[in-house]
Amino acid sequence: MSEEGSKSSHICDCAALHEIATTQSNNLKSFYIDQLKSGALAVPARVLKEFRDLYEDEAAELEPMIAKTIGMKRTYQAAAARIVDKNHSGFPRRPYDGDTDLYTAAIASVEDYTIVTTTEQAGEYDGMECEVTDLATWVDGMDKPTKKKG
């Protein structure tokens, strides 16, 4: 895994990694894995850690396929704080929550990435200054966000 290489335009969250790992369609799973291997779909390092903690077996399968990880920078932390302030909320604390959705949104807003997630998870990014698409829409259009910034 590396932070080097060509610039990705999409990053995924923990929900997307879990859906990729548990996808029953071999063709679809192959497509997702190709995107991870090429670095076209990057994974924030915090998301990968949370994925390992929650889904040990699935993480063992997918982690070798992930070519591009994104480490935390101060600019991402500042963007996360800005998102929290804008939404008049605190950093949410749920079981197993390392605030990875918030940090994924912060990275996406700073780097102008689109977040790839599940349909159920997409609403979590409302008001987080980032674009988000679900896996099915991403496959169909590759760059048609389902939610707009703001």
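No hydrogens, no waters, no symmetry mates; every other heavy atom, side chains included, goes into these values.
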Min side-chain heavy-atom separation [X]-[Y] under 4.5 Å:
{"X": "Val132", "Y": "Thr114", "result": "no"}
{"X": "Cys12", "Y": "Gln35", "result": "no"}
{"X": "Ile107", "Y": "Ile115", "result": "no"}
{"X": "Phe51", "Y": "Leu62", "result": "yes"}
{"X": "Val43", "Y": "Ile11", "result": "no"}

Got a second to check how far [X]'s [atom1] is from [Y]'s [atom2], nearest 0.5 Å?
{"X": "Phe31", "Y": "Ser25", "atom1": "CZ", "atom2": "OG", "result": "11.5 Å"}
{"X": "Leu48", "Y": "Ile70", "atom1": "CG", "atom2": "CD1", "result": "11.5 Å"}
{"X": "Leu135", "Y": "Leu28", "atom1": "CG", "atom2": "CG", "result": "8.0 Å"}
{"X": "Thr104", "Y": "Glu50", "atom1": "OG1", "atom2": "CD", "result": "8.5 Å"}
{"X": "Asp34", "Y": "Leu41", "atom1": "CG", "atom2": "CG", "result": "11.5 Å"}
{"X": "Leu102", "Y": "Glu124", "atom1": "CG", "atom2": "CD", "result": "11.0 Å"}

Worksheet item: Which residue pairs pass the side chain to side chain donor-acceptor pair (under 3.5 Å) test with at least one member in residues 11-24, sequence neighbours excluded?
Response: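 Residue pairs with at least one partner in residues 11-24: Asp13-Thr117, Asp13-Tyr125.
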[X] and [Y]: which non-hydrogen atoms are nearest, and at how many Å?
{"X": "Ala45", "Y": "Gly71", "answer": "CB-CA, 4.3 Å"}
{"X": "Gly127", "Y": "Lys86", "answer": "O-NZ, 4.2 Å"}
{"X": "Ala105", "Y": "Met128", "answer": "CB-SD, 3.6 Å"}

Practice prompt. Return the set of residues passing salt bridge (Lys or Arg N to Asp or Glu O under 4.0 Å) with Glu61 (not counting sequence neighbours), or none when no residue passes.
Written response: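 Listed in chain order: Lys29.
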Worksheet entry | Check against side-chain contact (heavy atoms from CB on, under 4.5 Å), Glu111 and Ser9 | CA-CA 8 Å; Glu111 302 295 344; Ser9 59; over 6 Å; no
Worksheet entry | With Tyr76 via ring-ring contact (aromatic ring centres under 6.0 Å, His included) - residues at least two apart |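 For Tyr76, no residue satisfies ring-ring contact (aromatic ring centres under 6.0 Å, His included) once neighbours in sequence are set aside.
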Discussion item. With ring pair (Phe, Tyr, Trp, His ring centres under 6.0 Å) as the test, pick out the partner of His10 among Tyr32, Trp138, Tyr113.
Written reply: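 Option passing the ring pair (Phe, Tyr, Trp, His ring centres under 6.0 Å) with His10: Trp138.
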Practice prompt. Using side chain to side chain contact (heavy atoms under 4.5 Å, CB included) as the criterion, list what pairs up with Thr75, not counting sequence neighbours.
Written response: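 Per chain and number, Thr75 pairs via side chain to side chain contact (heavy atoms under 4.5 Å, CB included) with Lys73, Val110.
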Practice prompt. Please name all residues satisfying side chain to side chain contact (heavy atoms under 4.5 Å, CB included) with Ala106, sequence neighbours left out, ordered by chain then number.
Written response: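 Ala106: side chain to side chain contact (heavy atoms under 4.5 Å, CB included) contacts with Ala79, Ala80, Ile83.
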Worksheet item: Distance only, no hydrogens: is a donor on one side chain within 3.5 Å (strictly under) of an acceptor on the other, for Asp134 and Thr137?
Response: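 Yes, Thr137 and Asp134 have a side-chain donor paired with an acceptor closer than 3.5 Å.
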